Amino acid sequence: MRKLISLTTVLLLANYFVAAVPAATAQSAGMENAAPMPEFTIYHLEGRRSERLVWLMEELGLPYELEFTRGDLAASMAAIRAINPDMPVAPTVVYDGQVLVESGAIIEMILARHGGGRLVPPLDSPDFATHLMWIHYSEGSLAARAIADYRVWQIQPPTARSPLVDSEAVVQFAENFLDDKPWFGGEDFSAADIMMLFPLNFAFVLNIVDSTQFPNINAWMEKVTARPAYQAMLDKARPDGMIGSLPALPAHAPSGPR
């Protein structure tokens with residue numbers, strides 16, 4: 001004999017299940033709205049910015065093809081020139097038939113279409129603005145300044161800091177931010193952290209700045225490079241370590257006030 005369930009009981013059960021849904025439900029809902037990933041090929045140079053995209057795809061668990069010739073930068077560059085003769089840079093990607101460059105723009109596109117809310121702070125949170133700032137700062141301010149100083153200082157090592165914004169200043173800005181936040185994405189790891197690692201490594205490894213002066217960045221680097229997705233990227237995209245690395249500067253500008 002069937003028993004009838006009262007409307008009150010139904011409402012109580014509904015409230016129970018709503019309360020029991022974990023916070024991850026919001027992310028799951030976002031994943032339902034994420035578009036299917038089309039064919040995505042990363043044309044890669046070992047140790048270069050194209051690592052960012054491999055790392056991103058490993059973090060998101062999205063499918064991709066990786067094209068490069070292991071241990072042969074010239075051969076890898078030839079493959080890039082064949083697919084993108086007008087702008088042969090790494091990364092060059094083919095996304096659903098489109099040839100695209102600029103790692104930051106590609107990352108934002110992948111997250112917007114296929115991320116399902118992952119690796120991005122909530123749109124209405126204060127962290128969203130700074131996350132986006134660091135995504136663009138990584139190349140627009142940090143890499144641009146560090147690369148310019150590196151090239152000039154190769155010719156003539158500096159004996160004093162510039163009165164203008166220099167490499168130490170752009171790295172110090174990042175160091176100061178990490179006084180109060182664990183990640184460049186704010187409270188959680190985000191794509192901003194993926195973008196920031198390359199130029200900070202560049203500045204440290206090539207002796208553009210004194211890496212010992214930035215304890216927050218050093219601690220952050222230990223965390224990001226220990227991530228399983230980063231380690232998976234190294235296994236696939238840099239299996240033999242750094243290939244064709246640039247020479248470190250014999251001297252950087254003295255640390256201290258400008």
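Since we're looking at a predicted model, the values are computed, not measured.
Counting heavy atoms from C-beta on, the side chains of Ser255 and Glu168 come closer than 4.5 Å. A heavy-atom distance below 4.5 Å is found between the side chains of Leu249 and Gln154. Glu67 has its side chain out of reach of Ser76: every pair of non-hydrogen atoms, C-beta onward, lies at least 4.5 Å apart. By the 4.5 Å heavy-atom criterion applied to side chains, Trp153 and Ile208 are counted as neighbours. The side-chain heavy atoms of His252 and Ser167, taken from C-beta on, include no pair separated by under 4.5 Å.
To the nearest 0.5 Å, atom OH of residue Tyr95 and atom CE of residue Met37 are 5.5 Å apart. Note: Met77 CE to Asp72 CG = 11.5 Å, rounded to the nearest 0.5 Å. The structure places CZ of Arg238 at 5.5 Å from CE of Met233, a figure rounded to the nearest 0.5 Å. Taking CE from Met87 and OG1 from Thr92, the interatomic distance works out to 9.0 Å, rounded to the nearest 0.5 Å. Atom CG of Leu100 and atom OH of Tyr43 lie 12.5 Å apart (nearest 0.5 Å). Atom CD1 of Ile42 sits about 11.5 Å away from atom CD1 of Ile80, to the nearest 0.5 Å.
Taking hydrophobic clusters as Ile, Leu, Val, Met, Phe, Trp and Tyr residues chained together by side-chain heavy-atom distances below 4.5 Å, Val224 shares a cluster with Tyr230.
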Go through it in stages, so that I can follow the logic: the residues are Leu53 and Ile107, the test is side chain to side chain contact (heavy atoms under 4.5 Å, CB included), and I'd like the CA-CA distance, side-chain angles, deciding distance and then a yes or no. CA-CA 7 Å; Leu53 300 183; Ile107 284 175; 3.5 Å; yes
Next item on the list: In sequence, state the C-alpha distance, the side-chain angles, and the governing distance for Arg258 and Val165, and then conclude on side chain to side chain contact (heavy atoms under 4.5 Å, CB included).
Entry: CA-CA 9 Å; Arg258 289 178 284 172; Val165 173; 4.1 Å; yes
Next item on the list: Any chance you could lay out the side chain to side chain contact (heavy atoms under 4.5 Å, CB included) test for Val120 and His131, step after step, and finish with the verdict?
Entry: CA-CA 8 Å; Val120 180; His131 149 89; 4.0 Å; yes
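Classified by interplanar angle (parallel below 30°, tilted 30° to 60°, perpendicular above 60°), the ring pair Tyr137/Phe173 is tilted.
With sequence neighbours excluded, no residue forms a side-chain hydrogen bond (donor to acceptor under 3.5 Å, both in side chains) with Thr69. For Glu187, the salt bridge (Lys or Arg N to Asp or Glu O under 4.0 Å) test picks out Lys181, with sequence neighbours left out. With sequence neighbours left out, Asp188 forms a side-chain hydrogen bond (donor to acceptor under 3.5 Å, both in side chains) with no residue at all. In terms of the side-chain hydrogen bond (donor to acceptor under 3.5 Å, both in side chains) criterion, residue partners of Asn176 (sequence neighbours excluded) are, by chain and number, Gln172.
No more than 12 heavy atoms of other residues, nucleotides or ligands lie within 6.0 Å of CD in Glu102, so this atom counts as exposed by the packing criterion.
Looking only at distances, no side-chain donor or acceptor of Arg161 sits under 3.5 Å from a matching main-chain atom of Asp166.
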Identify every side-chain donor-acceptor pair in residues 192-205 under 3.5 Å, counting partners at least two apart or on other chains, and give the distances.
residue: Asp193; atom: OD1; partner: Phe184; partner atom: N; Å: 2.8
residue: Asp193; atom: OD1; partner: Trp220; partner atom: NE1; Å: 2.8
residue: Asp193; atom: OD2; partner: Ser190; partner atom: N; Å: 2.9

Give the table of side-chain donor-acceptor pairs shorter than 3.5 Å for residues 54-65, with sequence neighbours excluded, one pair per line with atom names and distance.
residue: Trp55; atom: NE1; partner: Glu59; partner atom: OE2; Å: 3.0
residue: Glu58; atom: OE2; partner: Tyr64; partner atom: OH; Å: 2.5
residue: Glu58; atom: OE2; partner: Lys236; partner atom: NZ; Å: 2.6
residue: Glu59; atom: OE1; partner: Arg227; partner atom: NH2; Å: 3.0
residue: Glu59; atom: OE2; partner: Arg227; partner atom: NE; Å: 2.8

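Among all heavy-atom pairs drawn from Pro247 and Tyr150, the shortest one is O-OH, 2.6 Å. What you find for Pro85 and Ala82 is that their closest heavy atoms are CD-O, 4.2 Å. The two residues Gly47 and Met242 come nearest to each other via the heavy atoms CA-SD, 3.7 Å. The nearest pair of heavy atoms linking Leu45 to Ser50 is N-OG, 3.2 Å.
The closest side-chain donor-acceptor pair between Ser103 and Arg49, if any, does not fall under 3.5 angstrom.
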